[in-house]
Amino acid sequence: MSELVQGSVASNFIKNIVAEDVRTGKVAAVVTRFPPEPNGYLHIGHAKSICLNFELADEFNGKTNLRFDDTNPLKEDAEYVQAIKEDVKWLGFDWDRLCFASDYFEEMYQRARLLITKGKAYVCDLSAERIREMRGTLTQPGQESPYRNRSVEENLDLFERMRKGEFADGAKVLRAKIDMASPNLNLRDPVLYRIAHAEHHRTGDAWCIYPMYDFAHPLEDAIEGVTHSICTLEFEDHRPLYDWVVRECEMENTPRQYEFARLNMTNTVMSKRKLKQLVDERIVDGWDDPRMPTISGLRRKGYTPEAIRTFAREIGVAKSNSTVDERMLEHFVREDLKLKAPRTMAILRPLKVVITNYPENQTEWLEAENNPENPEMGNRSIPFSRELYIEQDDFLEDPPPKYFRLFLGNEVRLKHAYFIRCEEVIKDADGSIIELHCTYDPKTKSGSGFTERKVKGTIHWVDAAHALKAEFRLFEPLVNETENESEESFLSRINPHSLEILQGYVEENLRTAQPYDKFQFFRHGYFSVDPKRSESDLAVFNRVVSLKSSFSLS
RNA sequence: UGGGGAGUAGCCAAGUGGUAAGGCAACGGACUUUGACUCCGUCAUUCGUAGGUUCGAUCCCUACCUCCCCAGCCA
């Protein structure tokens, strides 16, 4: 287990249960599992579950398996298992065992035969529609299938022939014989096995019958010796069936299921279906598009595993539906990057400045701290000469009150350099500002101890002659929040401005920046080098998160 | 209207018979060569509502209200 994230998880109801089970000796060793279905990429909601399972087991010196719940070949793909493994590893977790539900298909089949032998399961010839019709409703009991009382021998024979592939998809299913009048719909003779003549990404065509989640999952947990099987709230209704399967299949181990509320976050979508739709319809640039809430998207955007883990720990684990403010996630990545990322200057929207009283053909090198809050990061030298770029936002012709930046006649400090005063605004024929003429005061050099007068503002800049061209990608929420979001309106809620691409400059010493290198661009925020877009001479920086700001022009 | 869950601040979330932790956000102020960071302060006389038990209730009891989940051969 990685030591990246220190400290124990705050109290939560599941941890209390585990602690009690350990204290009373109900379980000898804690075993949890993270059981994704390989039908999509992992997202921040999965991260909550991953952290819960791994950190919980770790805290009690237990084990956690990574188990692929690959019981539906129609939706699953090997591409996803690879991506999921990478994401879990990247988050910093090491699983005890790597498991696949498909490895247990034979045992599951035998357990199903046991059920049949005990008269607890039967082969049903009803169509999917008939089964649905006969299931009853929320308020009315269901009707028993006419196939419900077939003999054990006939059931065994039919089930074996299902496995052999004698029947077409949908022709027959294996059902548990429980109670068609149960108020819990899950207990109205649930389907245990269905026929699907489909290629499975691991077992190929070895099987044409596949177990349903409700049958497979408890068996998987029991087979692996999982003690605490943690899932989300919508499975609460399934718990009686979970226990029924473990009991009736006579499993040696008796795992217990506990349910917690899945993560919802403001300004994003978390359903795999919607995320897949965004990918399939090319609305985003793949599962790892920085705008996606996927682990791979967050990674590409520049998030760190530590930030995600701390977030997962701090939001807590409970049973009430909730929506966490995305600013909480942002808070933890700022906190993590604060001491880790060197601070440097980048101009996202350049405005040229000419220091008219600075000698032409002269360059001086100024000392700059890489991170004042982390002196170990040392210093660097940055060039300063007659022509610079500053941020367009840092000059206003008609400034409002309390505007501390540059305007005609005003003086500001250039970070790490000198005070400059704006003397003249140069415009083109259209009246657009093309450059500023300023003067500097040599006495005000950074570090000189100059105190004769003060300025209210300090702005960042880069030297025009040395600056490195760069591209910046700024992100906004992919979808707009609405009061009542309906499925239909999902695509109409797509934010057309979720990606903004800017061309500007960074300090020349960023020439050697590598993919995923992170920087705090002075007064802008944290940025991370994009692993895919950064071609040889044009680095692309993704904005991880902006700096907080109490300033606004409006 | 059957069954299963949940209601503690704008958002998360502890607590659980003894008088409401913490985080995010927000708002003041100090500091500041980042309008950042940091620091200080403010932010629930009240825990969905109404009754009841008790010396004392967010916690126990009763009734009610609101929200979420369940009628896939998905997970």
Describe the nucleic acid contact of Tyr403(A) in one word from base, sugar-phosphate, nothing, applying a heavy-atom distance below 4.0 Å.
base
By nearest atom, which of the nucleotides A36(B), A75(B), A25(B) is closest to the Leu547(A) side chain?
A36(B)
Taking atom P in both G52(B) and A57(B), compute the distance separating them and give it to the nearest angstrom.
12 Å
Closest to the Arg135(A) side chain: G35(B), C12(B), A71(B)?
A71(B)
Can you classify the ring geometry of Tyr242(A) versus His217(A) as parallel (below 30°), tilted (30 to 60°) or perpendicular (above 60°)?
tilted
Applying a 4.0 Å non-hydrogen cut-off, can you work out what His460(A) is touching in the nucleic acid: base, sugar-phosphate, or nothing?
nothing
Go ahead and write out RNA chain B as dot-bracket, 5' to 3': ( ) for pairs within the strand, [ ] for ones crossing earlier pairs, | when the partner sits on another strand, dots for unpaired; Watson-Crick or G-U wobble, both distances under 3.5 Å.
.((((((..(((.....[...))).(((((.......))))).....(((((..]....))))))))))).....
Rounding to an integer number of angstrom, what distance separates G48(B) and G10(B) when you compare their P atoms?
13 Å
Base, sugar-phosphate or nothing for Ala318(A)? Non-hydrogen atoms, less than 4.0 Å.
sugar-phosphate
With a 4.0 Å cut-off on heavy atoms, is Arg239(A) in touch with a base, just the backbone sugar-phosphate, or nothing at all?
nothing
Out of A75(B), G23(B), U33(B), whichever nucleotide has its closest atom nearest the side chain of Arg413(A):
U33(B)
Within 45° of the ring axis of Phe450(A) and under 6.0 Å from its six-membered ring centre, is that where the NZ or CZ of Lys443(A) lies?
no
Using 30° and 60° as the class limits, which term best fits the ring planes of His524(A) and His460(A): parallel, tilted or perpendicular?
perpendicular
Please indicate whether Lys456(A) has more than 12 foreign heavy atoms, meaning atoms of other residues, nucleotides or ligands, lying under 6.0 Å from its NZ.
no
Indicate, with a heavy-atom threshold strictly under 4.0 Å, whether Gly447(A) touches base, sugar-phosphate, or nothing.
base
Looking only at the aromatic ring of each residue, does the gap between the centers of Phe105(A) and His200(A) stay below 6.0 angstrom?
yes
My understanding is that only residues two or more places apart in sequence, or in another chain, count here; which of them pass ring pair (Phe, Tyr, Trp, His ring centres under 6.0 Å) with Phe159(A)?
Tyr109(A), Tyr193(A)
Would you indicate what Asp125(A) reaches in the nucleic acid, counting non-hydrogen atoms under 4.0 angstrom: base, sugar-phosphate, or nothing?
nothing
